[in-house]
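See below for the structure under consideration.
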Amino acid sequence: MQSLGVLEISRRDLLVASAATVTVASTASLSHSQTNAPAAPQSTKTSFTVNGERRELQLDNRTTLLDALREHLHLTGTKKGCDHGQCGACTVLVEGRRVNACLTLAVMHEGESITTIEGLGQPGNLHPMQAAFVEHDGFQCGYCTPGQICSSVAMLEEIKANTPSHVTGDLLARAEVTPAEIRERMSGNICRCGAYSNIVDAITEVAGRKV
Amino acid sequence: MRAFSYERASTIEAAAKAAAGTDGAKFIAGGTNLLDLMKLEIETPTHLIDVNRLGLDRIEPTPDGGLRIGALVRNTDLAADGRIRRDYALLARALLAGASGQLRNRATTAGNLLQRTRCPYFYDTNQPCNKRQPGSGCAALGGFSRQLAVVGVSDACIANHPSDMAVAMRALDAIVETVRSDGTTRSIPIADLHRLPGDTPHIEHVLERGELITAVVLPKPVGGKHIYRKVRDRASYAFALVSIAAVVMQDGTGRVAAGGIAPKPWRDEAAERGLPNGAKAVTAKLLANAHPTEQNAFKLALVERTLSAVLAEARG
(Lines give C-alpha, C1' and ligand atoms only; values in the text may rest on other atoms or scores of the structure.)
Protein backbone atom coordinates (compact mmCIF):
# COMPACT_ATOMS: atom_id res chain seq x y z
CA MET A 1 0.00 0.00 0.00
CA GLN A 2 3.03 2.21 -0.40
CA SER A 3 1.62 3.98 -3.39
CA LEU A 4 -1.54 4.90 -1.45
CA GLY A 5 0.67 6.28 1.32
CA VAL A 6 2.51 8.46 -1.15
CA LEU A 7 -0.78 9.58 -2.50
CA GLU A 8 -2.06 10.45 0.98
CA ILE A 9 1.07 12.36 1.82
CA SER A 10 0.97 14.28 -1.37
CA ARG A 11 -2.73 15.06 -0.86
CA ARG A 12 -1.98 16.32 2.63
CA ASP A 13 0.98 18.32 1.36
CA LEU A 14 -1.18 19.73 -1.33
CA LEU A 15 -3.85 20.80 1.19
CA VAL A 16 -1.26 22.36 3.49
CA ALA A 17 0.40 24.08 0.58
CA SER A 18 -2.89 25.48 -0.74
CA ALA A 19 -3.93 26.66 2.72
CA ALA A 20 -0.62 28.50 2.98
CA THR A 21 -1.17 30.03 -0.44
CA VAL A 22 -4.63 31.18 0.58
CA THR A 23 -3.26 32.72 3.76
CA VAL A 24 -0.53 34.56 1.92
CA ALA A 25 -2.96 35.73 -0.72
CA SER A 26 -5.49 37.05 1.78
CA THR A 27 -2.81 38.80 3.82
CA ALA A 28 -1.52 40.41 0.66
CA SER A 29 -4.96 41.57 -0.40
CA LEU A 30 -5.66 42.84 3.12
CA SER A 31 -2.53 44.98 3.19
CA HIS A 32 -3.29 46.13 -0.35
CA SER A 33 -6.78 47.22 0.64
CA GLN A 34 -5.43 49.02 3.71
CA THR A 35 -3.00 51.10 1.71
CA ASN A 36 -4.56 51.69 -1.69
CA ALA A 37 -8.27 50.98 -1.96
CA PRO A 38 -10.78 53.76 -1.36
CA ALA A 39 -12.41 53.85 2.05
CA ALA A 40 -15.89 54.09 0.55
CA PRO A 41 -17.89 50.85 0.43
CA GLN A 42 -17.66 48.76 -2.70
CA SER A 43 -21.15 47.33 -2.45
CA THR A 44 -24.48 49.12 -2.40
CA LYS A 45 -27.98 48.23 -1.28
CA THR A 46 -30.16 48.52 -4.35
CA SER A 47 -33.87 48.05 -4.86
CA PHE A 48 -35.87 47.99 -8.06
CA THR A 49 -38.97 46.37 -9.44
CA VAL A 50 -38.52 43.32 -11.63
CA ASN A 51 -41.55 42.01 -13.50
CA GLY A 52 -43.84 43.82 -11.08
CA GLU A 53 -42.14 42.52 -7.92
CA ARG A 54 -40.05 44.74 -5.66
CA ARG A 55 -36.56 43.29 -5.12
CA GLU A 56 -33.86 44.44 -2.75
CA LEU A 57 -30.26 43.35 -3.14
CA GLN A 58 -26.90 44.14 -1.54
CA LEU A 59 -24.69 44.17 -4.61
CA ASP A 60 -21.00 44.58 -5.38
CA ASN A 61 -20.95 47.83 -7.35
CA ARG A 62 -19.47 45.96 -10.31
CA THR A 63 -22.60 43.85 -10.76
CA THR A 64 -24.19 44.55 -14.12
CA LEU A 65 -27.96 44.57 -14.39
CA LEU A 66 -27.56 41.36 -16.40
CA ASP A 67 -25.68 39.57 -13.61
CA ALA A 68 -28.09 40.88 -10.98
CA LEU A 69 -30.99 39.37 -12.93
CA ARG A 70 -29.31 36.07 -13.73
CA GLU A 71 -27.02 35.35 -10.77
CA HIS A 72 -28.86 37.06 -7.92
CA LEU A 73 -32.53 36.88 -8.91
CA HIS A 74 -32.12 33.65 -10.92
CA LEU A 75 -34.05 35.06 -13.86
CA THR A 76 -32.00 33.16 -16.40
CA GLY A 77 -34.29 33.88 -19.34
CA THR A 78 -32.15 36.94 -20.07
CA LYS A 79 -29.03 35.61 -21.79
CA LYS A 80 -25.38 36.55 -21.63
CA GLY A 81 -23.88 36.47 -25.11
CA CYS A 82 -20.93 38.77 -25.73
CA ASP A 83 -21.21 40.74 -22.44
CA HIS A 84 -20.05 43.83 -24.39
CA GLY A 85 -23.21 45.24 -25.96
CA GLN A 86 -22.56 43.78 -29.37
CA CYS A 87 -25.05 40.90 -29.62
CA GLY A 88 -28.27 42.01 -27.88
CA ALA A 89 -28.94 38.65 -26.16
CA CYS A 90 -29.20 40.48 -22.81
CA THR A 91 -31.86 42.97 -23.96
CA VAL A 92 -34.38 43.83 -21.22
CA LEU A 93 -36.80 46.70 -20.75
CA VAL A 94 -35.93 49.43 -18.23
CA GLU A 95 -38.83 51.80 -17.66
CA GLY A 96 -40.28 50.33 -20.86
CA ARG A 97 -37.20 51.03 -23.00
CA ARG A 98 -34.92 48.35 -24.40
CA VAL A 99 -31.34 48.36 -23.14
CA ASN A 100 -28.34 46.03 -23.11
CA ALA A 101 -28.41 44.73 -19.51
CA CYS A 102 -24.71 43.85 -19.79
CA LEU A 103 -23.64 47.50 -20.26
CA THR A 104 -25.34 49.03 -17.26
CA LEU A 105 -24.73 48.63 -13.54
CA ALA A 106 -27.52 47.33 -11.33
CA VAL A 107 -26.88 50.11 -8.78
CA MET A 108 -27.72 52.70 -11.44
CA HIS A 109 -31.32 51.45 -11.54
CA GLU A 110 -32.42 52.22 -7.98
CA GLY A 111 -36.20 52.60 -7.91
CA GLU A 112 -36.67 51.74 -11.59
CA SER A 113 -38.92 49.17 -13.19
CA ILE A 114 -37.40 46.32 -15.19
CA THR A 115 -39.16 43.80 -17.41
CA THR A 116 -37.47 40.61 -18.53
CA ILE A 117 -38.66 37.87 -20.87
CA GLU A 118 -40.19 36.11 -17.83
CA GLY A 119 -42.32 39.19 -17.20
CA LEU A 120 -43.57 39.50 -20.77
CA GLY A 121 -45.30 36.12 -20.74
CA GLN A 122 -45.16 32.63 -19.30
CA PRO A 123 -45.92 29.14 -20.66
CA GLY A 124 -49.67 29.04 -21.17
CA ASN A 125 -49.87 32.81 -21.09
CA LEU A 126 -47.56 33.92 -23.88
CA HIS A 127 -47.04 37.51 -24.93
CA PRO A 128 -48.26 37.93 -28.55
CA MET A 129 -44.64 38.40 -29.63
CA GLN A 130 -43.60 35.14 -27.97
CA ALA A 131 -46.50 33.34 -29.67
CA ALA A 132 -45.60 34.86 -33.03
CA PHE A 133 -41.95 33.75 -32.72
CA VAL A 134 -43.19 30.19 -32.09
CA GLU A 135 -45.73 30.40 -34.92
CA HIS A 136 -43.19 31.71 -37.45
CA ASP A 137 -40.25 29.62 -36.26
CA GLY A 138 -38.34 32.82 -35.49
CA PHE A 139 -35.39 30.96 -33.96
CA GLN A 140 -33.25 27.89 -34.24
CA CYS A 141 -31.07 27.37 -31.16
CA GLY A 142 -33.12 29.92 -29.21
CA TYR A 143 -30.27 31.56 -27.33
CA CYS A 144 -30.82 35.04 -28.79
CA THR A 145 -34.62 34.70 -28.65
CA PRO A 146 -35.40 36.33 -25.27
CA GLY A 147 -33.35 39.35 -26.34
CA GLN A 148 -34.96 39.39 -29.79
CA ILE A 149 -38.44 39.31 -28.25
CA CYS A 150 -37.80 41.98 -25.59
CA SER A 151 -36.13 44.14 -28.23
CA SER A 152 -38.95 43.74 -30.78
CA VAL A 153 -41.70 44.52 -28.24
CA ALA A 154 -39.96 47.78 -27.29
CA MET A 155 -39.05 48.50 -30.91
CA LEU A 156 -42.71 48.49 -31.98
CA GLU A 157 -43.42 50.92 -29.15
CA GLU A 158 -40.64 53.17 -30.47
CA ILE A 159 -42.31 53.19 -33.90
CA LYS A 160 -45.68 53.96 -32.23
CA ALA A 161 -44.00 56.88 -30.45
CA ASN A 162 -42.83 58.08 -33.90
CA THR A 163 -39.11 57.59 -33.28
CA PRO A 164 -37.29 57.71 -36.64
CA SER A 165 -34.63 55.27 -37.82
CA HIS A 166 -31.65 55.31 -40.19
CA VAL A 167 -33.86 54.04 -43.05
CA THR A 168 -36.79 56.41 -42.44
CA GLY A 169 -37.07 58.35 -45.70
CA ASP A 170 -38.74 61.49 -44.41
CA LEU A 171 -37.84 62.58 -40.89
CA LEU A 172 -41.00 64.67 -40.70
CA ALA A 173 -43.37 61.84 -41.72
CA ARG A 174 -44.81 59.29 -39.29
CA ALA A 175 -42.66 56.24 -38.65
CA GLU A 176 -44.03 53.09 -40.27
CA VAL A 177 -43.66 49.35 -39.75
CA THR A 178 -42.00 47.96 -42.87
CA PRO A 179 -39.59 45.04 -43.29
CA ALA A 180 -36.76 47.53 -43.96
CA GLU A 181 -37.60 49.46 -40.78
CA ILE A 182 -37.76 46.25 -38.73
CA ARG A 183 -34.41 45.03 -40.04
CA GLU A 184 -32.67 48.34 -39.34
CA ARG A 185 -34.22 48.78 -35.89
CA MET A 186 -33.39 45.18 -34.87
CA SER A 187 -29.73 45.38 -35.94
CA GLY A 188 -28.63 45.35 -32.30
CA ASN A 189 -29.85 41.76 -31.96
CA ILE A 190 -27.63 39.21 -33.65
CA CYS A 191 -28.95 35.72 -34.53
CA ARG A 192 -26.06 33.48 -35.51
CA CYS A 193 -28.46 30.75 -36.64
CA GLY A 194 -29.74 33.26 -39.16
CA ALA A 195 -33.48 33.13 -38.40
CA TYR A 196 -33.82 36.75 -39.47
CA SER A 197 -36.47 36.39 -42.16
CA ASN A 198 -38.79 34.48 -39.80
CA ILE A 199 -38.11 37.00 -37.03
CA VAL A 200 -39.17 39.81 -39.38
CA ASP A 201 -42.34 37.83 -40.21
CA ALA A 202 -43.18 37.35 -36.53
CA ILE A 203 -42.71 41.03 -35.73
CA THR A 204 -44.65 42.08 -38.81
CA GLU A 205 -47.61 39.94 -37.72
CA VAL A 206 -47.65 41.39 -34.20
CA ALA A 207 -47.54 44.88 -35.71
CA GLY A 208 -50.80 44.02 -37.45
CA ARG A 209 -49.34 43.96 -40.93
CA LYS A 210 -49.71 41.28 -43.56
CA VAL A 211 -46.75 38.91 -43.56
CA MET B 1 -13.48 44.61 -13.65
CA ARG B 2 -11.60 46.33 -10.80
CA ALA B 3 -13.53 47.18 -7.65
CA PHE B 4 -14.79 50.73 -7.18
CA SER B 5 -16.94 52.76 -4.83
CA TYR B 6 -20.10 54.40 -6.13
CA GLU B 7 -22.05 57.54 -5.44
CA ARG B 8 -25.17 59.04 -6.98
CA ALA B 9 -24.58 62.77 -7.45
CA SER B 10 -27.50 65.03 -6.53
CA THR B 11 -26.20 68.37 -7.85
CA ILE B 12 -23.96 69.36 -10.74
CA GLU B 13 -21.60 71.27 -8.47
CA ALA B 14 -21.28 68.37 -6.03
CA ALA B 15 -20.54 65.99 -8.91
CA ALA B 16 -17.76 68.19 -10.29
CA LYS B 17 -16.30 68.75 -6.83
CA ALA B 18 -16.37 65.04 -5.97
CA ALA B 19 -14.71 64.15 -9.28
CA ALA B 20 -11.90 66.64 -8.74
CA GLY B 21 -11.37 65.68 -5.11
CA THR B 22 -11.32 61.90 -5.41
CA ASP B 23 -8.35 60.04 -6.88
CA GLY B 24 -9.36 57.74 -9.71
CA ALA B 25 -12.91 59.12 -9.94
CA LYS B 26 -14.92 59.09 -13.15
CA PHE B 27 -18.39 60.21 -14.10
CA ILE B 28 -20.77 57.57 -15.40
CA ALA B 29 -23.83 58.46 -17.50
CA GLY B 30 -25.08 55.92 -20.06
CA GLY B 31 -22.04 53.75 -19.34
CA THR B 32 -22.21 51.96 -22.69
CA ASN B 33 -18.59 52.73 -23.50
CA LEU B 34 -17.12 53.08 -20.01
CA LEU B 35 -18.40 49.73 -18.70
CA ASP B 36 -17.23 47.97 -21.84
CA LEU B 37 -13.73 49.35 -21.19
CA MET B 38 -13.90 48.64 -17.44
CA LYS B 39 -14.65 44.98 -18.13
CA LEU B 40 -11.45 44.83 -20.17
CA GLU B 41 -9.60 46.80 -17.46
CA ILE B 42 -8.67 49.47 -19.98
CA GLU B 43 -10.56 51.90 -17.76
CA THR B 44 -9.92 51.29 -14.07
CA PRO B 45 -11.72 53.97 -12.04
CA THR B 46 -11.71 53.47 -8.27
CA HIS B 47 -14.78 55.65 -7.78
CA LEU B 48 -17.80 56.20 -10.02
CA ILE B 49 -20.00 59.28 -9.80
CA ASP B 50 -23.39 58.53 -11.32
CA VAL B 51 -24.65 61.73 -12.97
CA ASN B 52 -27.84 60.23 -14.41
CA ARG B 53 -30.15 62.02 -11.97
CA LEU B 54 -28.89 65.57 -12.38
CA GLY B 55 -31.87 66.66 -14.47
CA LEU B 56 -29.70 67.45 -17.50
CA ASP B 57 -32.10 65.64 -19.80
CA ARG B 58 -34.02 68.50 -21.41
CA ILE B 59 -33.80 70.19 -24.80
CA GLU B 60 -34.63 73.88 -24.46
CA PRO B 61 -34.72 76.84 -26.85
CA THR B 62 -31.98 79.47 -26.37
CA PRO B 63 -32.70 83.24 -26.52
CA ASP B 64 -30.98 83.56 -29.91
CA GLY B 65 -33.07 80.91 -31.64
CA GLY B 66 -30.89 77.86 -31.04
CA LEU B 67 -31.30 74.81 -28.83
CA ARG B 68 -29.59 73.81 -25.59
CA ILE B 69 -29.31 70.02 -25.39
CA GLY B 70 -28.83 68.70 -21.86
CA ALA B 71 -25.73 66.52 -21.43
CA LEU B 72 -27.87 63.54 -20.43
CA VAL B 73 -30.35 63.63 -23.31
CA ARG B 74 -30.25 60.09 -24.69
CA ASN B 75 -29.28 59.64 -28.35
CA THR B 76 -32.73 58.18 -29.14
CA ASP B 77 -34.54 61.18 -27.65
CA LEU B 78 -32.29 63.71 -29.36
CA ALA B 79 -32.80 62.08 -32.76
CA ALA B 80 -36.58 61.91 -32.20
CA ASP B 81 -37.03 65.52 -31.08
CA GLY B 82 -39.29 67.41 -33.51
CA ARG B 83 -37.09 70.54 -33.54
CA ILE B 84 -33.95 68.50 -34.25
CA ARG B 85 -35.68 66.61 -37.06
CA ARG B 86 -36.96 69.81 -38.63
CA ASP B 87 -34.09 72.29 -38.15
CA TYR B 88 -31.02 70.12 -37.53
CA ALA B 89 -31.79 67.04 -39.62
CA LEU B 90 -28.06 66.50 -40.04
CA LEU B 91 -27.78 65.74 -36.33
CA ALA B 92 -30.80 63.42 -36.29
CA ARG B 93 -29.39 61.53 -39.29
CA ALA B 94 -25.93 61.19 -37.73
CA LEU B 95 -27.38 59.88 -34.46
CA LEU B 96 -29.56 57.34 -36.25
CA ALA B 97 -26.57 56.11 -38.26
CA GLY B 98 -24.75 55.18 -35.06
CA ALA B 99 -24.89 52.16 -32.73
CA SER B 100 -28.07 50.13 -32.14
CA GLY B 101 -31.53 50.93 -30.77
CA GLN B 102 -30.58 49.57 -27.34
CA LEU B 103 -27.36 51.58 -27.16
CA ARG B 104 -28.99 54.81 -28.35
CA ASN B 105 -31.56 54.43 -25.56
CA ARG B 106 -28.78 54.63 -22.96
CA ALA B 107 -25.99 56.63 -24.64
CA THR B 108 -25.98 60.33 -23.74
CA THR B 109 -25.07 63.49 -25.61
CA ALA B 110 -22.00 64.25 -23.48
CA GLY B 111 -20.93 60.62 -23.28
CA ASN B 112 -21.08 60.31 -27.05
CA LEU B 113 -18.62 63.22 -27.38
CA LEU B 114 -16.20 61.69 -24.87
CA GLN B 115 -16.33 58.06 -26.02
CA ARG B 116 -12.96 56.43 -26.65
CA THR B 117 -11.56 55.13 -29.91
CA ARG B 118 -12.43 51.64 -31.17
CA CYS B 119 -8.85 51.10 -32.45
CA PRO B 120 -8.33 47.33 -32.04
CA TYR B 121 -4.92 47.89 -30.42
CA PHE B 122 -6.38 50.23 -27.81
CA TYR B 123 -8.77 47.39 -26.92
CA ASP B 124 -6.16 44.61 -26.93
CA THR B 125 -4.30 44.90 -23.63
CA ASN B 126 -1.60 42.52 -24.88
CA GLN B 127 -0.51 45.04 -27.50
CA PRO B 128 1.45 48.27 -27.14
CA CYS B 129 -0.72 51.38 -27.33
CA ASN B 130 0.41 54.91 -26.51
CA LYS B 131 -3.14 55.95 -25.76
CA ARG B 132 -3.78 53.16 -23.25
CA GLN B 133 -0.23 52.97 -21.89
CA PRO B 134 1.78 56.11 -22.72
CA GLY B 135 5.23 55.34 -24.08
CA SER B 136 4.50 51.69 -24.95
CA GLY B 137 4.39 52.29 -28.70
CA CYS B 138 1.73 52.03 -31.40
CA ALA B 139 0.88 48.57 -32.72
CA ALA B 140 -1.58 50.03 -35.19
CA LEU B 141 1.07 51.74 -37.33
CA GLY B 142 2.37 48.43 -38.66
CA GLY B 143 -0.78 46.48 -37.93
CA PHE B 144 -4.37 46.23 -39.09
CA SER B 145 -5.12 49.88 -39.71
CA ARG B 146 -7.91 49.70 -42.28
CA GLN B 147 -10.44 51.37 -39.95
CA LEU B 148 -8.10 54.00 -38.54
CA ALA B 149 -7.31 57.68 -39.08
CA VAL B 150 -5.55 59.22 -42.08
CA VAL B 151 -5.38 62.88 -41.00
CA GLY B 152 -4.50 64.59 -37.73
CA VAL B 153 -2.44 61.55 -36.78
CA SER B 154 1.07 61.38 -35.30
CA ASP B 155 3.88 58.86 -35.07
CA ALA B 156 2.49 57.99 -31.64
CA CYS B 157 -1.13 57.28 -32.59
CA ILE B 158 -3.45 56.81 -35.58
CA ALA B 159 -6.65 56.12 -33.63
CA ASN B 160 -9.83 57.70 -34.98
CA HIS B 161 -12.77 59.20 -33.12
CA PRO B 162 -15.75 56.86 -33.52
CA SER B 163 -18.66 59.27 -33.07
CA ASP B 164 -21.19 60.06 -35.80
CA MET B 165 -23.04 62.61 -33.65
CA ALA B 166 -19.93 64.70 -33.06
CA VAL B 167 -19.29 65.02 -36.81
CA ALA B 168 -22.74 66.56 -37.34
CA MET B 169 -22.24 68.82 -34.32
CA ARG B 170 -18.93 70.02 -35.75
CA ALA B 171 -20.65 70.97 -39.01
CA LEU B 172 -23.36 72.76 -36.99
CA ASP B 173 -20.80 74.77 -34.91
CA ALA B 174 -22.05 73.37 -31.60
CA ILE B 175 -20.80 74.79 -28.30
CA VAL B 176 -20.03 72.52 -25.35
CA GLU B 177 -20.99 73.96 -21.95
CA THR B 178 -19.24 72.74 -18.79
CA VAL B 179 -19.03 73.26 -15.05
CA ARG B 180 -15.64 73.08 -13.36
CA SER B 181 -14.92 71.81 -9.88
CA ASP B 182 -14.70 75.38 -8.50
CA GLY B 183 -18.23 76.02 -9.77
CA THR B 184 -17.22 78.22 -12.71
CA THR B 185 -18.63 77.49 -16.16
CA ARG B 186 -17.20 77.76 -19.64
CA SER B 187 -18.26 77.35 -23.25
CA ILE B 188 -15.99 75.38 -25.58
CA PRO B 189 -16.54 75.40 -29.35
CA ILE B 190 -16.74 71.76 -30.40
CA ALA B 191 -13.78 72.34 -32.73
CA ASP B 192 -11.64 72.93 -29.62
CA LEU B 193 -12.99 70.10 -27.41
CA HIS B 194 -10.88 67.24 -28.77
CA ARG B 195 -7.09 67.33 -29.00
CA LEU B 196 -4.95 65.81 -31.71
CA PRO B 197 -2.67 63.02 -30.45
CA GLY B 198 0.78 64.54 -31.00
CA ASP B 199 3.12 63.00 -28.40
CA THR B 200 0.31 62.63 -25.86
CA PRO B 201 -2.46 60.54 -27.40
CA HIS B 202 -3.74 59.60 -23.95
CA ILE B 203 -4.92 63.21 -23.49
CA GLU B 204 -7.97 63.35 -25.75
CA HIS B 205 -9.80 66.54 -24.81
CA VAL B 206 -9.32 69.89 -23.09
CA LEU B 207 -11.57 69.21 -20.08
CA GLU B 208 -9.94 69.64 -16.67
CA ARG B 209 -10.09 67.14 -13.87
CA GLY B 210 -13.63 67.18 -12.46
CA GLU B 211 -15.01 69.31 -15.30
CA LEU B 212 -18.49 68.11 -16.25
CA ILE B 213 -20.24 68.71 -19.56
CA THR B 214 -23.71 70.07 -18.78
CA ALA B 215 -25.06 70.86 -22.26
CA VAL B 216 -24.35 71.20 -25.95
CA VAL B 217 -25.75 74.34 -27.57
CA LEU B 218 -26.72 74.49 -31.22
CA PRO B 219 -26.72 77.96 -32.81
CA LYS B 220 -29.87 79.01 -34.62
CA PRO B 221 -30.75 76.89 -37.66
CA VAL B 222 -28.86 77.68 -40.86
CA GLY B 223 -31.30 76.10 -43.33
CA GLY B 224 -29.96 74.33 -46.41
CA LYS B 225 -30.01 70.65 -47.24
CA HIS B 226 -28.78 68.39 -44.44
CA ILE B 227 -27.12 65.17 -45.52
CA TYR B 228 -25.20 62.62 -43.45
CA ARG B 229 -23.65 59.86 -45.52
CA LYS B 230 -21.92 57.02 -43.70
CA VAL B 231 -19.85 54.36 -45.45
CA ARG B 232 -19.24 51.21 -43.44
CA ASP B 233 -18.59 47.50 -43.75
CA ARG B 234 -22.19 46.50 -43.00
CA ALA B 235 -25.40 48.44 -43.51
CA SER B 236 -26.25 48.89 -39.85
CA TYR B 237 -24.61 48.85 -36.43
CA ALA B 238 -21.02 49.43 -37.56
CA PHE B 239 -18.51 52.25 -37.18
CA ALA B 240 -17.78 54.50 -40.13
CA LEU B 241 -14.93 53.93 -42.51
CA VAL B 242 -15.75 57.39 -43.79
CA SER B 243 -18.69 59.66 -43.10
CA ILE B 244 -19.62 63.04 -44.50
CA ALA B 245 -21.85 65.54 -42.70
CA ALA B 246 -22.88 68.35 -45.03
CA VAL B 247 -25.16 71.35 -45.03
CA VAL B 248 -25.53 72.53 -48.62
CA MET B 249 -27.21 75.81 -49.52
CA GLN B 250 -29.14 76.50 -52.72
CA ASP B 251 -26.17 78.37 -54.25
CA GLY B 252 -23.86 75.40 -53.70
CA THR B 253 -21.98 76.86 -50.72
CA GLY B 254 -22.14 75.08 -47.40
CA ARG B 255 -20.32 73.21 -44.68
CA VAL B 256 -18.64 69.82 -44.59
CA ALA B 257 -17.26 67.75 -41.73
CA ALA B 258 -15.87 64.23 -42.10
CA GLY B 259 -15.90 61.31 -39.68
CA GLY B 260 -13.97 58.05 -39.46
CA ILE B 261 -10.77 59.60 -40.81
CA ALA B 262 -9.30 61.56 -37.89
CA PRO B 263 -8.85 61.65 -34.10
CA LYS B 264 -11.65 64.26 -33.99
CA PRO B 265 -14.47 65.40 -36.26
CA TRP B 266 -12.59 66.77 -39.26
CA ARG B 267 -13.56 70.09 -40.83
CA ASP B 268 -11.62 72.78 -42.65
CA GLU B 269 -13.54 76.01 -43.18
CA ALA B 270 -11.07 77.15 -45.86
CA ALA B 271 -11.49 73.90 -47.78
CA GLU B 272 -15.29 74.04 -47.75
CA ARG B 273 -15.25 77.46 -49.46
CA GLY B 274 -14.53 75.47 -52.60
CA LEU B 275 -17.81 73.51 -52.32
CA PRO B 276 -19.48 75.21 -55.33
CA ASN B 277 -16.59 73.85 -57.44
CA GLY B 278 -17.20 70.23 -56.48
CA ALA B 279 -15.77 67.51 -54.28
CA LYS B 280 -12.27 67.17 -55.73
CA ALA B 281 -10.82 70.51 -54.69
CA VAL B 282 -12.53 70.42 -51.29
CA THR B 283 -11.18 66.95 -50.54
CA ALA B 284 -7.66 67.82 -51.70
CA LYS B 285 -7.55 70.69 -49.21
CA LEU B 286 -9.36 68.82 -46.41
CA LEU B 287 -6.87 65.94 -46.65
CA ALA B 288 -3.81 68.03 -47.56
CA ASN B 289 -1.70 66.77 -44.64
CA ALA B 290 -2.91 63.18 -44.68
CA HIS B 291 -0.57 60.40 -43.54
CA PRO B 292 -2.40 57.21 -44.43
CA THR B 293 -1.03 53.72 -43.93
CA GLU B 294 -0.92 51.25 -46.78
CA GLN B 295 -4.12 49.68 -45.45
CA ASN B 296 -6.22 52.81 -45.06
CA ALA B 297 -5.03 54.92 -48.00
CA PHE B 298 -8.29 53.95 -49.73
CA LYS B 299 -10.03 56.40 -47.40
CA LEU B 300 -8.58 59.35 -49.32
CA ALA B 301 -10.45 58.38 -52.47
CA LEU B 302 -13.47 57.31 -50.43
CA VAL B 303 -13.81 60.76 -48.85
CA GLU B 304 -13.87 62.43 -52.27
CA ARG B 305 -16.38 59.94 -53.67
CA THR B 306 -18.64 60.14 -50.64
CA LEU B 307 -18.58 63.93 -50.73
CA SER B 308 -19.26 63.81 -54.45
CA ALA B 309 -22.31 61.59 -53.82
CA VAL B 310 -23.51 63.95 -51.08
CA LEU B 311 -23.23 66.97 -53.38
CA ALA B 312 -25.11 65.13 -56.12
CA GLU B 313 -27.86 64.28 -53.62
CA ALA B 314 -27.98 67.92 -52.51
CA ARG B 315 -28.49 69.08 -56.08
CA GLY B 316 -31.36 66.59 -56.15
Side-chain angles (χ1 to χ4, degrees), chain A residues 33 36-44 46 59-64 82-88 90-95 97-105 107-111 147 150-151 154-155 158 161-168 170-172 175 183-190, chain B residues 1-8 22-25 28-40 45-48 50 52-53 74 76-77 79-82 84-86 88-89 92-107 123 164 226 228 230 234-238:
Chain A
S33 71
N36 292 333
Q42 303 195 339
S43 78
T44 304
T46 307
L59 293 172
D60 185 305
N61 294 333
R62 290 172 287 188
T63 313
T64 60
C82 68
D83 209 25
H84 285 277
Q86 296 170 5
C87 76
C90 67
T91 304
V92 299
L93 312 185
V94 175
E95 298 288 311
R97 298 173 67 144
R98 53 180 172 157
V99 306
N100 298 115
C102 74
L103 283 189
T104 190
L105 297 171
V107 294
M108 293 162 71
H109 297 284
E110 173 69 30
C150 285
S151 186
M155 182 275 292
E158 289 168 10
N162 199 25
T163 305
S165 88
H166 176 61
V167 299
T168 306
D170 180 358
L171 283 179
L172 301 181
R183 286 175 190 277
E184 162 59 25
R185 290 169 189 265
M186 292 295 292
S187 69
N189 291 84
I190 310 293
Chain B
M1 201 187 297
R2 304 277 179 88
F4 56 86
S5 49
Y6 170 87
E7 73 177 286
R8 203 172 288 124
T22 316
D23 277 337
I28 186 164
T32 53
N33 187 215
L34 181 58
L35 286 169
D36 183 25
L37 293 168
M38 283 169 66
K39 288 181 183 191
L40 298 166
T46 52
H47 185 65
L48 282 187
D50 182 347
N52 280 291
R53 305 194 186 198
R74 310 286 157 174
T76 298
D77 299 321
D81 184 272
I84 299 290
R85 285 154 83 165
R86 188 187 62 221
Y88 307 95
R93 287 294 184 196
L95 284 159
L96 295 171
S100 67
Q102 289 96 316
L103 290 170
R104 290 192 297 270
N105 278 344
R106 286 298 296 168
Y123 263 77
D164 292 294
H226 287 215
Y228 189 77
K230 179 174 180 179
R234 59 181 182 193
S236 185
Y237 199 15

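Quick note on labels: first sequence line is chain A, next is B, and so on, each numbered from 1.
In this structure, chain B has no heavy atom under 4.5 Å from any part of A/S43. Proximity to chain B (any heavy atom under 4.5 Å) is shown, for A/D60, by neither the backbone nor the side chain. In this structure, chain A has no heavy atom under 4.5 Å from any part of B/L34. Heavy-atom distances place the backbone of B/A29, and not its side chain, under 4.5 Å from chain A. Interface remark: A/T163 contributes backbone and side-chain atoms alike to the contact with chain B (heavy atom separation under 4.5 Å). Looking at B/A97, the atoms closer than 4.5 Å to chain A (heavy atoms on both sides) sit in the backbone and in the side chain alike. Contacts between B/R86 and chain A at a heavy-atom distance below 4.5 Å involve backbone atoms as well as side-chain atoms. Both the backbone and the side chain of A/E110 come within contact range of chain B, each with at least one heavy atom under 4.5 Å from a heavy atom of that chain. For a residue to count as touching a neighbouring chain, one of its non-hydrogen atoms must lie under 4.5 Å from one of that chain's; by this rule B/R106 touches chain A with the side chain only. Residue B/R2 touches chain A through its backbone alone, counting heavy-atom pairs closer than 4.5 Å. In this structure, chain A has no heavy atom under 4.5 Å from any part of B/L95. If you measure heavy-atom distances from B/D36 to chain A, the contacts under 4.5 Å come from both the backbone and the side chain.
The two residues A/R62 and B/F4 make their nearest non-hydrogen contact at CG-CE2, 3.5 Å. When all heavy atoms of B/A89 and A/L171 are compared, the closest pair comes out as CB-CD1, 3.8 Å. A/P164 and B/A79 make their closest contact through CG-O, 3.6 Å (heavy atoms, listed as atom of the first residue, atom of the second, distance). Contact detail for B/G30 and A/M108: the closest heavy-atom pair is O-CE, 4.2 Å.
The distance from the CD atom of A/Q86 to the OG atom of B/S100 is 10.5 Å, given to the nearest 0.5 Å. With rounding to the nearest 0.5 angstrom, the CG atom of A/L103 is 5.5 Å from the NZ atom of B/K39. Rounding to the nearest 0.5 Å gives a distance of 13.5 Å between OG1 of B/T32 and NE2 of A/H84. For the atom pair B/Y237 OH and A/H166 NE2, the distance stands at 15.0 Å (nearest 0.5 Å).
If you tally non-hydrogen atom pairs under 4.5 Å between each of B/D23, B/N33, B/L96 and chain A, the highest count goes to B/L96. Put simply, of B/R93, B/R234, B/R104, the one with the most heavy-atom pairs under 4.5 Å next to chain A is B/R93. With chain B as partner, the option from A/T44, A/V107, A/L172 having the largest number of non-hydrogen pairs under 4.5 angstrom is A/V107. Ranked by non-hydrogen atom pairs under 4.5 Å with chain B, the options A/T91, A/V94, A/D83 are led by A/D83. Most heavy-atom pairs under 4.5 Å with chain B, from the set A/V167, A/T168, A/V99, A/T64: that is A/V99.
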Next item on the list: Would you sort out whether A/L105 and B/M38 count as a side-chain contact (heavy atoms from CB on, under 4.5 Å), showing the intermediate values?
Entry: CA-CA 12 Å; A/L105 297 171; B/M38 283 169 66; 5.7 Å; no
Next item on the list: Under the side-chain hydrogen bond (donor to acceptor under 3.5 Å, both in side chains) rule, what do B/Q102 and A/N189 come out as? Steps first, then yes or no, please.
Entry: CA-CA 9 Å; B/Q102 289 96 316; A/N189 291 84; 2.8 Å; yes
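Between the side chain of A/R98 and the backbone N or O of B/N105, no donor-acceptor pair lies under 3.5 Å.
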